[in-house]
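Not measured: the values here are computed from a predicted model. Residue numbers run from 1 in the order of the sequence given.
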Amino acid sequence: MKSQLACVLVLAAAVRSGAQEAQPLPLADARYKADILLVVAHPDDEGAATAYLARAIDEGKHVAVVYGTRGSSGGNEVGAEQASALGAIREIEARRALGTLGITNVWFLGGKDTASQDVLQSLANWEYGAALEQLVRLVRLTRPDVMLTFLPGTFIGEDHGDHQASGVLATEAFDLAGDPTVFPSQVAAPLRRLEPYLEGLRPWQPKKIYYFPDAERDDIFHGKGPEYSVKEISKSSKKAYWRASLDSFRLHETQAKSFVDQLNKMDDAAIEKMMAADGWTDVQRFVLGKSLVGGSATGPVFENISGDAIPFRRGAFLAAPAGTELSVELAGPWNFYAEFRRAHGLEHLPHPEPPEIALQAGGSLVIPLWVRNPTSANRTVTLSTELPDRWVVSSGAGKVTVAAKQTAAARIEINLPALADTAKNKEDAREITVRAESDGGVVGVVKLRVELRKRALPE
Ligand SMILES: [Zn+2]
């Protein structure tokens with residue numbers, strides 16, 4: 001008996017070692033593979049793309065969604081819950097809204113709502129590094145062919161810094177997720193069973209990234225990407241794609257209960273009339289960020305895309321040419337975006353010239369400036385402004401001294417007047433000019449278009 005048992009044990013060991021040699025490596029979890037990964041900031045932002053997503057799902061595409069925040073700021077139209085409690089509710093509302101389209105793979109980066117137009121403040125408030133690490137992880141998990149997100153840039157429009165932050169992070173994740181040296185513990189395989197730190201993901205290079213703008217500048221976005229009618233009828237839901245988008249949006253009750261109550265009292269024809277007047281039935285328009293598989297800018301989103309993985313492609317970083325003369329330029333988010341477009345091969349991306357912003361009437365405008373002095377002598381620059389009537393400089397004009405080989409940060413602050421016609425919500429944008437002079441010559445001119453509104457997010 002004893003020898004027989006020993007024999008069985010030896011045999012079992014032999015089977016185990018044989019099985020180990022033949023064991024295939026575990027494959028990625030197919031349930032999380034997406035064709036499209038949508039990256040937005042807040043619950044309800046997905047509405048910017050749901051009409052298109054409903055169409056893509058009809059065509060058999062799988063969609064996953066990432067939100068930057070849970071949307072814990074703002075009012076609550078349903079109950080008393082506020083702040084983090086409201087965020088917990090809005091996470092469920094977002095999941096239910098996407099659930100109406102059949103989308104269930106949904107993640108939140110854990111950022112905090114930031115009421116500002118400055119993307120840099122949003123990135124700071126979202127714990128930028130951790131948010132990027134998590135988004136790169138989710139790209140490697142969902143392996144999307146196409147990423148859709150807000151256009152990273154600053155414009156007259158809602159221009160929410162959080163919307164911009166989602167576009168910045170998505171663009172960076174697009175460029176980084178295929179690089180095996182980026183967040184390498186994500187793509188290292190555990191050596192022992194249940195090894196708790198290494199994640200076993202593989203690098204993944206998405207093929208295309210498209211943007212939708214949070215701006216009112218259709219003139220500069222037209223013809224820069226594909227357009228889709230939202231009036232076509234869905235094969236699966238038998239309703240127009242705009243209506244699928246609206247019926248999904250209705251789940252955001254803490255943000256829109258009064259609107260939903262209004263809809264519930266209307267018939268379909270009245271709803272269509274109201275929503276058409278509000279732009280919901282306009283074409284869905286995207287701007288092509290980049291395609292690594294060719295195709296045309298205005299061609300269909302899935303043009304040239306097959307199911308195969310493509311190799312990682314490292315974008316060329318175009319450094320800004322170093323000047324040799326005294327110069328002045330806009331700093332802050334405007335300077336960031338100029339660098340960002342160069343860093344990510346996005347110099348073709350539409351952006352307004354001159355730069356623009358909408359601000360609340362009666363508030364203030366801060367113009368951040370870099371004064372660069374690459375020469376070998378200390379220099380003095382005089383800053384002056386040309387402003388519309390009733391716009392008043394409160395600080396920052398006058399002389400700025402910049403040491404040799406140094407860059408000085410300067411800022412001009414302007415008090416904005418009240419709206420001339422208080423019955424209106426906004427005025428036409430006005431152009432303002434900052435002129436920089438030194439030794440009797442002009443060394444720089446900075447222009448900015450500024451629209452005054454009854455309400456706007458802080459700068
Ligand atoms: Zn939003």
Side-chain angles (χ1 to χ4, degrees), residues 34-67 94 97-98 100-103 144-153 155 157-158 160 163-164 166-167 170 207-252 256 271-291 295-303 305 349-350:
D35 299 294
I36 299 171
L37 180 64
L38 175 74
V39 182
V40 290
H42 312 120
D44 94 348
D45 288 347
E46 79 288 345
T50 41
Y52 170 72
L53 296 179
R55 171 194 294 269
I57 289 165
D58 269 356
E59 291 165 0
K61 305 300 185 202
H62 293 98
V63 178
V65 177
V66 177
Y67 293 94
L98 290 167
T100 67
L101 303 172
I103 301 169
D145 290 321
V146 173
M147 295 178 69
L148 299 178
T149 188
F150 280 108
L151 191 140
F155 300 91
E158 184 181 359
H160 202 302
H163 295 178
Q164 299 172 44
S166 68
K207 300 175 178 81
K208 294 187 182 181
I209 184 166
Y210 288 94
Y211 301 113
F212 35 88
D214 188 21
E216 293 167 10
R217 288 295 298 268
D218 283 351
D219 57 327
I220 60 175
F221 302 122
H222 190 77
K224 300 294 186 347
E227 292 183 357
Y228 291 92
S229 162
V230 303
K231 293 181 178 168
E232 281 172 41
I233 305 298
S234 161
K235 291 192 296 265
S236 58
S237 70
K238 312 287 186 240
K239 54 190 175 189
Y241 289 121
W242 72 265
R243 188 63 199 248
S245 172
L246 176 65
D247 289 345
S248 168
F249 179 77
R250 294 164 97 119
L251 278 298
H252 293 289
I271 290 174
E272 179 163 6
K273 193 174 168 200
M274 181 175 81
M275 300 317 291
D278 201 33
W280 277 68
T281 60
D282 294 352
V283 292
Q284 175 114 50
R285 182 177 293 161
F286 297 108
V287 172
L288 177 64
K290 39 187 157 181
S291 167
S296 65
T298 55
V301 167
F302 279 85
E303 183 180 43
I305 288 181
L349 217 56

Requested in this report: Supply the atom-to-atom distance Thr281 OG1 to Glu272 CD, rounded to the nearest 0.5 angstrom.
Outcome: 6.5 Å
Query - Distance, nearest 0.5 Å, that separates CG of Leu288 from CG of Leu349 - result: 9.0 Å
**Report entry** Any residue meeting salt bridge (charged side-chain N to carboxylate O under 4.0 Å, His left out) with Glu158, in chain and number order, not counting sequence neighbours
**Finding:** none
Report task. Would you check if Phe212 and Leu148 make a side-chain contact, meaning some heavy-atom pair closer than 4.5 Å? Result -> yes
**Report entry** Partners meeting side chain to side chain contact (heavy atoms under 4.5 Å, CB included) with Ser296 (sequence neighbours left out)
**Finding:** Thr298, Glu303
Query - By side chain to side chain donor-acceptor pair (under 3.5 Å) - contacts of Asp44 (at least two apart) - result: none
Report task. Indicate yes or no: at least one non-hydrogen side-chain atom of Tyr241 is less than 4.5 angstrom from one of Ser229. Result -> no
Query raised in the report: In Å, rounded to the nearest 0.5 Å, how long is the span from CG of Leu151 to CD of Gln164?
Result: 9.0 Å
Query raised in the report: Short question: side chain of Ser248, backbone of Ala97 - any donor-acceptor pair under 3.5 Å?
Result: yes
Requested in this report: Calculate, to the nearest 0.5 Å, the distance between atoms CG and CG belonging to Leu98 and Leu38 respectively.
Outcome: 8.0 Å
**Report entry** Least distance between heavy atoms, His252 atom then Pro43 atom
**Finding:** CE1-C, 3.8 Å
Report summary line: All heavy atoms of Val39 vs all of Thr149, minimum pair found to be O-OG1, 2.8 Å
Query raised in the report: Tell me, do Asp35 and Ile305 make a side-chain contact under 4.5 Å, heavy atoms counted?
Result: no
Report summary line: Which of Tyr52, Tyr211, Phe150, Phe221 passes ring pair (Phe, Tyr, Trp, His ring centres under 6.0 Å) with Phe286? It is Tyr52
Query raised in the report: What residues, two or more places apart in sequence or in another chain, satisfy side chain to side chain donor-acceptor pair (under 3.5 Å) together with Asp219?
Result: Arg217
Report summary line: Contacts of Phe302 meeting ring pair (Phe, Tyr, Trp, His ring centres under 6.0 Å) (sequence neighbours excluded), chain-then-number -> none
Requested in this report: Just do the side chain to side chain contact (heavy atoms under 4.5 Å, CB included) check on Thr100 and Leu251 with the steps written out, would you?
Outcome: CA-CA 9 Å; Thr100 67; Leu251 278 298; 3.8 Å; yes
Query - For the student: nearest non-hydrogen atoms of Ile36 and Ala56, plus distance - result: CD1-CB, 3.7 Å
Requested in this report: For His62, look at atom NE2 and say whether over 12 heavy atoms of other residues, nucleotides or ligands are found less than 6.0 Å away.
Outcome: no
Query raised in the report: salt bridge (charged side-chain N to carboxylate O under 4.0 Å, His left out) with Lys208: which residues, sequence neighbours excluded?
Result: none
Query - Test side chain to side chain donor-acceptor pair (under 3.5 Å) applied to His42 - qualifying residues, sequence neighbours left out - result: Asp45, Asp162, His163
Query raised in the report: Sub-3.5 Å donor-acceptor pair from the side chain of Glu46 to the main-chain atoms of Phe249, do we have one?
Result: no
Query - Partners passing side chain to side chain contact (heavy atoms under 4.5 Å, CB included) against Leu246 (at least two apart in sequence or in another chain) - result: Trp242, Arg243, Phe259, Leu263, Ile271, Met275, Trp280
Query raised in the report: Does the side chain of Ile103 come within less than 4.5 Å of Thr50's, by heavy atoms?
Result: no
Query raised in the report: Taking all atoms of both residues into account, what is the closest heavy-atom pair of Pro226 and Ala297, and its distance?
Result: CD-O, 3.4 Å
Query raised in the report: With Tyr67, which residues qualify under ring pair (Phe, Tyr, Trp, His ring centres under 6.0 Å), at least two apart?
Result: Phe108
Report task. Name all residues meeting the ring pair (Phe, Tyr, Trp, His ring centres under 6.0 Å) criterion together with Tyr210; count only those two or more places apart in sequence or in a different chain, and write none if there are none. Result -> none
**Report entry** Polar side-chain atom of Asp58 near backbone of Lys235 as donor-acceptor pair, under 3.5 Å
**Finding:** yes
Query raised in the report: Hey, is the main chain of Val230 close enough, under 3.5 Å, to the side chain of Arg55 for a donor-acceptor pair?
Result: no
Query raised in the report: Should we count NZ of Lys239 as having more than 12 external heavy atoms under 6.0 Å?
Result: yes
Query raised in the report: How would you list, by chain and number, every residue that makes a salt bridge (charged side-chain N to carboxylate O under 4.0 Å, His left out) with Lys290, sequence neighbours excluded?
Result: Asp175
Report task. Would you indicate whether Lys61, at its atom NZ, is surrounded by more than 12 heavy atoms from other residues, nucleotides or ligands within a distance under 6.0 Å? Result -> yes
Report summary line: Rounded to the nearest 0.5 Å, the OG atom of Ser245 sits from the CG atom of Leu53 at a distance of 9.0 Å
**Report entry** Glu227: side chain to side chain donor-acceptor pair (under 3.5 Å) partners, not counting sequence neighbours
**Finding:** Arg285
